[in-house]
Amino acid sequence: MDYLDHLEAEAIYILREVAGQFENPALLFSGGKDSITLVHLAKKAFRPGKFPFPLVHIDTGHNFPETIEFRDWLVEQLGEKLIVGLVQESIDQGKAVEQKGKNASRNALQTVTLLDTIEKYGFDACIGGARRDEEKARAKERIFSVRDEFGQWDPKRQRPELWNILNGKIHKGENVRVFPISNWTELDVWNYIKREQIALPSIYFSHERDVVLRNGQWMAAAPFLQIDGEDIVEHKSVRFRTVGDMTCTAAVDSVATELDDIIEEIKASTVSERGARMDDKVSEAAMEDRKKQGYF
């Protein structure tokens, strides 16, 4: 078996364990390459039947238009259920407070909307596309990672997962985050996408767009990015290695328009995939702090 076959088989096993152990799971779908890969794996795990879970997207309202268009197209192709939690509704209800200042972002506000969505629909497991190679806090996660009744994560409260035995037993009110591609690397994902010919949003490939330099990173010149007289807008050839809120997701200079070109870029890169996420640069423990509060 090819190493990608081993990774695929492990992920399919995990997805089927979720279906067997939990009563009301969901698949967290951002429209990024990792969650798109999860959807492809779910098709292999459960087709010709329907998915035993809906897709759940927490929409900041500041997403890339290309990502939302791709999300809607994919859901229509799949014929599966999509649940959208709106950060704007959390703001309108006074549950989340819009950040102020030049580098304001709604990314962290997703936690409030996610926890409300989990409670509203009674999800006991949420499948996500996080990988251990992305960031040190994510490297601490087990494949079945328990959240308490407040949706919070305790990195010291981890269950052993010996011999690939996954324990999904939880108390009432708790839920589990599940990471089927936890053992994959960014390069593994791209090689799998190439092998399986998985469609992706266009922003993953090199394209021309207006960008502004912010804290050494090229940010898309979006309407809700606070641009002032000190900022210089340039038109450049860029692509995005990761997809999130437009206010915290930076682009990289690139001319890679094909999968082979992207794979060669990643092999040569000395910066991690999350190096293009401004929200991870708030502090050394930024991701871990957000995860403890209930973040993805």
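Keep in mind it's a predicted model, so treat the numbers as computed, not measured.
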Geometric class of the H62/F224 ring pair [parallel <30°, tilted 30-60°, perpendicular >60°]
parallel

Closest heavy-atom pair, R106 versus G61, reported as atoms and distance to 0.1 Å, is NH1-CA, 4.2 Å

What is the minimum heavy-atom distance between N175 and I170, and which atoms define it?
CA-CD1, 4.0 Å

Could you walk me through whether N24 and F53 pass side-chain contact (heavy atoms from CB on, under 4.5 Å), step by step?
CA-CA 7 Å; N24 189 24; F53 39 69; over 6 Å; no

Aromatic rings F70 and W73: how do their planes relate, parallel, tilted or perpendicular, breaks at 30° and 60°?
tilted

Audit row: L55, I83, side-chain contact (heavy atoms from CB on, under 4.5 Å) steps and yes/no:
CA-CA 6 Å; L55 276 59; I83 294 171; over 6 Å; no

Flag side-chain contact, heavy atom, 4.5 Å: R132 against I143
yes

Between Q110 and N107, is any pair of side-chain heavy atoms under 4.5 Å apart?
yes

Among side-chain atoms of S206 and S254, is any donor-acceptor pair under 3.5 angstrom?
no

Would I198 and L15 show up in the same hydrophobic cluster when neighbours are defined by side-chain heavy atoms closer than 4.5 Å?
yes

Nearest heavy atoms of E8 and L41, plus distance in Å:
CG-CD2, 3.8 Å

Taking all atoms of both residues into account, what is the closest heavy-atom pair of R177 and I118, and its distance?
NH2-CD1, 3.8 Å

Indicate yes or no: at least one non-hydrogen side-chain atom of I266 is less than 4.5 angstrom from one of W190.
yes

According to a 4.5 Å side-chain heavy-atom criterion applied to Ile, Leu, Val, Met, Phe, Trp and Tyr, with indirect links allowed, do L259 and I203 form part of one hydrophobic cluster?
yes

Step by step, work out the side-chain hydrogen bond (donor to acceptor under 3.5 Å, both in side chains) result for T247 and D245.
CA-CA 5 Å; T247 56; D245 191 304; 2.5 Å; yes

Beyond-backbone contact of F240 with H207, side-chain heavy atoms, under 4.5 angstrom:
yes

Note: R239-E265 ion pair, threshold 4.0 Å (strictly below)
yes

Going only through I, L, V, M, F, W and Y residues with side-chain contacts under 4.5 Å, is there a path from L82 to V243?
yes

Once you round to the nearest 0.5 Å, how far does CD of E186 lie from CD1 of I263?
10.5 Å

Ring pair (Phe, Tyr, Trp, His ring centres under 6.0 Å) for W184 and F179? Distances and angles first, verdict last.
CA-CA 10 Å; W184 298 38; F179 305 109; over 10 Å; no

Is any side-chain heavy atom of I127 closer than 4.5 Å to a side-chain heavy atom of L28?
no

The reported gap from CD1 in I181 to CG in D133 (rounded to nearest 0.5 angstrom) is 9.5 Å

Please determine whether the number of non-hydrogen atoms from other residues, nucleotides or ligands lying under 6.0 Å from atom CD of E208 exceeds 12.
yes

Might you confirm whether atom NZ of K44 has over 12 heavy atoms from other residues, nucleotides or ligands at distances under 6.0 Å?
yes

Non-hydrogen atoms of Q21 and N167 that approach each other most closely
OE1-C, 3.9 Å

Donor-acceptor under 3.5 Å (S145 side chain, R142 main chain)
no

Quick check: are there more than 12 heavy atoms from other residues, nucleotides or ligands sitting under 6.0 Å from NZ of K236?
yes

Looking at every heavy atom in both I14 and F144, which two are closest together, and how far apart are they?
CG2-CE1, 4.3 Å

Has Q99 got more than 12 heavy atoms of other residues, nucleotides or ligands less than 6.0 Å from its CD?
yes

Within 6.0 angstrom of E76 CD, more than 12 heavy atoms from elsewhere:
no

Are F51 and F22 in one and the same hydrophobic cluster, where Ile, Leu, Val, Met, Phe, Trp and Tyr link if side-chain heavy atoms are under 4.5 Å apart?
yes

Does Q77, at its CD atom, have more than 12 non-hydrogen atoms belonging to other residues, nucleotides or ligands within less than 6.0 Å?
yes

Step through the shown structure and confirm whether more than 12 heavy atoms of other residues, nucleotides or ligands are within 6.0 Å of NE2 on H235.
yes

Going by atom types alone, do D188 and T185 pair a side-chain donor with an acceptor below 3.5 Å?
yes

Using 4.0 Å as the upper bound for N to carboxylate O, is an ion pair formed by R147 and E141?
yes

Do any N or O atoms from the side chain of D124 and from the backbone of E174 form a donor-acceptor pair under 3.5 angstrom?
no

Apply side-chain contact (heavy atoms from CB on, under 4.5 Å) to residues L4 and R195 and explain how you reach the verdict.
CA-CA 9 Å; L4 290 176; R195 190 185 82 170; 3.7 Å; yes

For a 4.5 angstrom cut-off between non-hydrogen side-chain atoms, does V39 reach L78?
yes

Would you call R16 and F46 a side-chain contact if the rule is heavy atoms closer than 4.5 Å?
yes

If you round to the nearest 0.5 Å, how far is OG of S30 from CG of N63?
8.5 Å

Decide whether R71 and H57 meet the rule of one side-chain donor and one side-chain acceptor closer than 3.5 Å.
yes

Test of understanding: clusters of I, L, V, M, F, W, Y form through side-chain heavy atoms closer than 4.5 Å, transitively. Do F64 and V238 belong to the same one?
no

Should R209 and E66 count as an ion pair when the cut-off is N to O under 4.0 Å?
yes

Going by heavy atoms in the side chains, are I36 and L200 under 4.5 Å from each other?
yes

Check for a donor-acceptor pair, side chain of K50 on one end and backbone N or O of G79 on the other, with a separation under 3.5 Å.
yes

Check the pair V252 / W218 against side-chain contact (heavy atoms from CB on, under 4.5 Å), numbers first and verdict last.
CA-CA 7 Å; V252 295; W218 292 113; over 6 Å; no

Supply the atom-to-atom distance L225 CG to D210 CG, rounded to the nearest 0.5 angstrom.
12.0 Å

Within 6.0 angstrom of E98 CD, more than 12 heavy atoms from elsewhere:
yes

Euclidean distance, D34 CG relative to T242 OG1, rounded to 0.5 Å:
7.5 Å

Can E80 and K43 be counted as an ion pair, charged N to O under 4.0 angstrom?
no

